[in-house]
Amino acid sequence: MAQGSMAPGIQSGRLSAEDLDENFADLHPPYAPHEAAVAADRCYFCYDAPCITACPTAIDIPLFIRQIQTDQPESAAKTIFDQNILGGMCARVCPTETLCEEACVREAAEGKPVEIGRLQRYATDTLMAQGVHPYSRAASTGKRVAVVGAGPAGLACAHRLAMHGHDVVIFEARANAGGLNEYGIAAYKTVNGFAEAEVDWLLKIGGITIETGKALGHDLSLETLKSGYDAVFLSIGLGGVNALRAEGEGRAGVTDAVDFIATLRQADDLTTLPVGRNVVVIGGGMTAVDAGVQSKLLGAENVTIAYRRGRDAMSASRFEQDLAASKGVKLMFNVQPVAVHGNGAAVEVELEYTTSEGGALTGTGETVRLRADQVFKAIGQTLQGAPEALSLEAGKIAVTGAGRTNVAGIWAGGDCASGGDDLTVTAVAEGRDAAQDIHASLMS
Amino acid sequence: MADLTTDFLGISSPNPFWLASAPPTDKEYNVRRAFEAGWGGVVWKTLGAEGPPVVNVNGPRYGAIYGADRRLLGLNNIELITDRPLETNLEEIARVKADYPDRAMIVSIMVPCEEQAWKDILPRVEQTNADGIELNFGCPHGMSERGMGAAVGQVPEYIEMVTRWCKQYYARPVIVKLTPNITDVRYPARAAHNGGADAVSLINTISSITSVNLDDFSPEPSIDGKGSHGGYCGPAVKPIAMNMVAEIARDPETAGLPISGIGGVTTWRDAAEFMSLGCGNVQVCTAAMTYGFRVVEEMSAGLSRWMDEKGYANVSDFVGRAVPNVTDWQYLNLNYVTKARIDQDACIKCGRCYAACEDTSHQAISMSDTRVFEVIDADCVACNLCVDVCPVEDCITMERLTAGTLDPRTGKIVSDEYANWTMHPNNPMSTAAE
């Protein structure tokens, strides 16, 4: 029987533990101090720097890089954390190529921006490795705030509230805090249990309690939270996954990409994690790339990401596309799934070519079949379990200003709330800003 | 192909690049390899008087100033003159010179300010058949505390006296090496000239403390928690050295006195600049100490190419060409009116020009919502700071206003007539015709 990548069906143990260790190592190895100094020296300390404008959390990037230049990575970290308490994770997962580094004037000048993300990681890692938490709490206000969801938005909100002297309880449906930092995101972007360590570090400020296994709509209701707390912040993420709406979607082997990624992230031993020989990922975002690349890294023989529009429309950045290609993942554009064929379990995916003339996507009628014993759906997540009292906007909780919902005393932020890109860094910004608004409301 | 052969005081060398008196020229092994690498000449590390040699510290001798990526910009040292026996050095000098007759061999000397001391050592140096001597009146550390080095170079009368002794007791060329640790370098240069020196060489190192250890508060380099000022050299000192060279080159009292240029020469361009300011050759130390002897290959090739491009057949074709253009401030043309011009296509929108102009003085650059930076002619004094801070070469340039146009800052029509401060109405000493 064929072994390794050639083994038929969905199998674990395609690669040795050594190969898996190598495949899932840090995508961008951390800087050594001299590398950081050289990289930092490239920063021009621009006036009203475009990188700051491009950062959703508005980190003072030229200042923190200058602090690295002057051999104070700890001061640099403080500059970062002042704006973004999850600056460590954002340094790893931010699509910097479409944010700060795209705006860097050296990108315009020579196509090689200052490596802001890696410098940010150097600074934040240095401080966090010292086990130091650089913030303390203001005197207790006696106010209590409930935060629902321990993802980036919830954690950022809770930290800022705790800093202002409020007592915070975070309710988290899953077993671990961290949200997509813990359950989403490719493993090679956050190695060595960083997400969990970051949560532990963040909680060092004190005043924050996390209650896991508590989900809104099951164990909690908005009414009880409203009556039990002085304010409520909802950061419940997007729990649902869009359907393929293709024939045969129910066949075995067709699963949600987010579940595959979550299982992978929680796995203690990747040799036990099954993956198909022929994997097809449907979608064009970061989740599609994370699922596709990690399938390949687990030892799948053929991995294809099938996206219904052209390359330029793909929400995964060009860097992510190139990363996938470099790992041997095939990218197909302008194809949409019409059927999953098989006999009980999936065997093939049938894709129809598309055109998008005048913005409307239409099938051309021409189809192609790809072998597929595993099909991942990565065509977007949807809001699930939002309380009925809340108004929605485009399928998300409608918010105005700093995350205010239509219900007084209820704020929302992160992926579940309207507006903003669904990025870790935007979630942090929304959580932080909502906390400031909650604080102002509570203290007025 | 340009001919780099240099005649300095009648001493011929295949190129104008000499190694300065310093650690790289302290022994035969080094100097032979330097000549093999292509150096045109060396000034042997300074010899002291007969007797027990000096001793050096046994801890760090050097301190450094870095630019980006630990690029060495400035080096400071507390090393003394050669700590090897005089006879050993003299034997080696004679052997190397015999084997490399086409290279310049100069011997640096530092003995006490007593006639007998010079009378004793000079004949022995002469016997080596070296091409000339250089009087070390420059080292600012250690030896100066014993009345030698910079302690002599800071007293013009001593310079003249010792130079005179050397010309009396030594038949070959005498070069006087000057210290920059003075207020006006023309006085020691004039003294050397008056004493009969064949040439001056400059600069020696600048008294300096490169850094302070903020844990134990010791200056660096630290010797058991204490530090002593050292001599500063390397690329950082080049501007200071070039000014001193130019001051001597254009001083009527020393006009025509040959100069050997020293101070941060690192590339062919540095050498060309020093020579254009009147140096017949240059001496190099820090670049060789930092990168090794091979840097002379770049210097020779680079100077040769530049000379070819400019049509100079010999180094003498461009030596001193910049000297007539070094003048006093009072003679600068006040009717030379320029304005900064920003090339919008080259601009990368960093805004450094804006920050510099805004926070320095003139507020003469505007910034739009879309980060377009433009010069406000009515406020631009043409200071050049924006050019200096711009990270993109040639993105900002200074453009001269043509005669007859209005300078919106002064409200005056630009004149094409030369007019300087001595003629200006605001000058109470003005000599302008009413």
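Since the model is a prediction, treat every value here as computed from it, not as a measurement. So that the names make sense, note that chain A is the first sequence line, chain B the second, and so on, each numbered from 1.
- A/K204 NZ: more than 12 foreign heavy atoms inside a 6.0 Å radius.
- Residue B/D69 holds its CG atom at 11.0 Å from CD of A/E35, rounded to the nearest 0.5 Å.
- Residue-environment remark: CG (B/N213) exceeds the threshold of 12 foreign heavy atoms within 6.0 Å.
- From B/M367, atom CE reaches atom CG of A/D48 across 4.5 Å, with rounding to the nearest 0.5 Å.
- Rounding to the nearest 0.5 Å gives a distance of 15.0 Å between OH of A/Y47 and CZ of B/R352.
- Residue A/R311 places its CZ atom among more than 12 non-hydrogen atoms of other residues, nucleotides or ligands, all under 6.0 Å distant.
- More than 12 heavy atoms of other residues, nucleotides or ligands sit less than 6.0 Å from atom CD of A/E110.
- Interface remark: A/A109 contributes backbone and side-chain atoms alike to the contact with chain B (heavy atom separation under 4.5 Å).
- A/D41 contributes atom CG, which lies 12.0 Å from atom CZ of B/R70 (distance to the nearest 0.5 angstrom).
- Most heavy-atom pairs under 4.5 Å with chain B, from the set A/A40, A/P50, A/A39: that is A/P50.
- Note: B/A68 leads B/A68, B/A355, B/A356 in heavy-atom pairs under 4.5 Å with chain A.
- Summarising the local packing, CG of A/N192 is surrounded by 12 or fewer heavy atoms from other residues, nucleotides or ligands at distances under 6.0 Å.
- B/E393 CD: 12 or fewer foreign heavy atoms inside a 6.0 Å radius.
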